[in-house]
2 protein chains.
Amino acid sequence: MTKPSRSAPRAVSGTKPAKAKPLALGDLTQLLGYSIRRAQLWIFKEFSRQLAAFEISPAQFSVLCVIDANPGVNQLAVAQLLSIERAGLGRLVDHLESRGLVRRTASAVNRRYYVLYLTEAGIALLARLRPAAAESDKALAAKIGPRAYKELRQALSIFVEDA
Amino acid sequence: MTKPSRSAPRAVSGTKPAKAKPLALGDLTQLLGYSIRRAQLWIFKEFSRQLAAFEISPAQFSVLCVIDANPGVNQLAVAQLLSIERAGLGRLVDHLESRGLVRRTASAVNRRYYVLYLTEAGIALLARLRPAAAESDKALAAKIGPRAYKELRQALSIFVEDA
DNA sequence: TATTGTTATACTCTATAACTATA
DNA sequence: TATAGTTATAGAGTATAACAATA
């Protein structure tokens, strides 16, 4: 596809966007799924802004949290808990290990297992990430209002509990 | 990184996952942002399941909806309305055009503009997509309950209105 | 000089299958 | 035979910059 050609036929619209022609989202406004999608994009942007200095993605943060809450957990369990493919999680842990945040140890009991711990550096970093993550969630609460925040927390908890 | 080696030192855990050691998400359960992320993943999966027969992604569906609601809209306006990069939207429209769902016409007024319309096939397909999309949103309503559904619709509408 | 759209590139995610080593 | 982890691969989405055509 190249640029619009001179042989343009009977097209009428596309004139001045400055005019009073507000665009409509159509059926999308009726779908909660679309609102949640847009909310999620906003949240990731806000999260990344808050944690930009640490170079930690939302997914990396979630893995650090789970290892912190379950010292000695194995990779597959983390992947299932977070609904991440185990192959993808392996690479994610690779990266965290190369940054010295996570320690991978072979299980003494079952040698198919890796056993994951946070390093001292990982624990220290997570201590700094936590308030930043809480800040980004506060920004979300400010955006939607405290009552809606509480309602949503309760309504959407089922998506993380049946993991 | 290879497999755990024989020289595994003093690792203790990672034994029998069948035992009663429920994994914890840690701080993640406190973050609404994480719940919304998980909810959004669930929704995309459900949407893809409902619309599998049509081979239409959520993003493609959203573009069809916007063109339908705004015949003669130009690409940049669609991109801004949906918060998609214009380069990415160009490829997306390429695909819809190659499937005969969207017609690209050069604007007679401003030749920098493309002017987008649904073709007859596009209109016909969208008529079949709409109930399927509504179905997937109903599945979401069933999952979280009708009251929460209404509350969320209102609380999250701000993310689509200030587009 | 600014704007619409395209192209190219790169990077991240995701999904899948095949492979190993262990059980 | 099944499981934990890795590797390789391909596809989608995203972000960026550079470019042509037009205003």
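Below, read A as the first sequence line, B as the second, and so on, with proteins coming before strands; counting in each chain starts at 1.
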With a cut-off of less than 4.0 Å, is there a side-chain N or O of A/R111 near OP1 or OP2 of D/dT3? no
Which whole-number value in Å describes the distance from B/Y114 OH to C/dT6 C1'? 9 Å
Restricting to pairs with a member in residues 71-88 of chain A, which pass salt bridge (Lys or Arg N to Asp or Glu O under 4.0 Å), not counting sequence neighbours? none
Quick note, salt bridge (Lys or Arg N to Asp or Glu O under 4.0 Å) partners involving residues 122-131 of chain A, not counting sequence neighbours, are A/D68-A/R130, A/R130-B/D27
Base, sugar-phosphate or nothing for A/G90? Non-hydrogen atoms, less than 4.0 Å. sugar-phosphate
Whole angstrom value for the distance that separates C1' of D/dG13 from CD1 of B/I56: 16 Å
Quickly work out the B/R91 CZ to D/dA15 P distance and round it to whole Å. 12 Å
Okay, side chain of A/N70, backbone of B/A24: is any donor-acceptor separation there less than 3.5 Å? yes
Please report the distance, rounded to the nearest Å, between CG in B/L76 and C1' in D/dA21. 15 Å
So, OP1 or OP2 of D/dA17: does either fall under 4.0 Å of a side-chain N or O from B/R86? no
For DNA chain C, whose closest nucleotide is more 5', that of A/E85 or that of B/L89? B/L89
How many whole angstroms separate atom CZ of A/F44 from atom C1' of D/dA15? 16 Å
Heavy atoms only, 4.0 Å cut-off, all strands: where does A/A87 land among base, sugar-phosphate and nothing? base
Contacts of A/G88 and B/P58 projected onto DNA chain D by closest heavy atom; the upstream (5') one is A/G88
Between D/dA12 atom P and B/D94 atom CG, what is the distance in whole Å? 14 Å
Aromatic A/Y149 / basic A/K138 pairing, under 6.0 angstrom, 45° off normal: no
In whole angstrom, what separates B/L41's CG from C/dC13's P? 13 Å
Do A/F47 and A/F61 have ring centroids that are under 6.0 Å from one another? yes
Please tell me if B/Q75 has a side-chain N or O lying less than 4.0 Å from either OP1 or OP2 of C/dT6. yes
From C-beta outward on A/R112, which listed nucleotide comes closest to its side chain: D/dT22, D/dA4, D/dG5? D/dA4
Can you see if the side chain of A/N110 gets near the phosphate of D/dA4 - specifically, an N or O under 4.0 Å from OP1 or OP2? no
Here the distance between atom P of C/dC13 and atom NZ of B/K45, to the nearest Å, is 17 Å
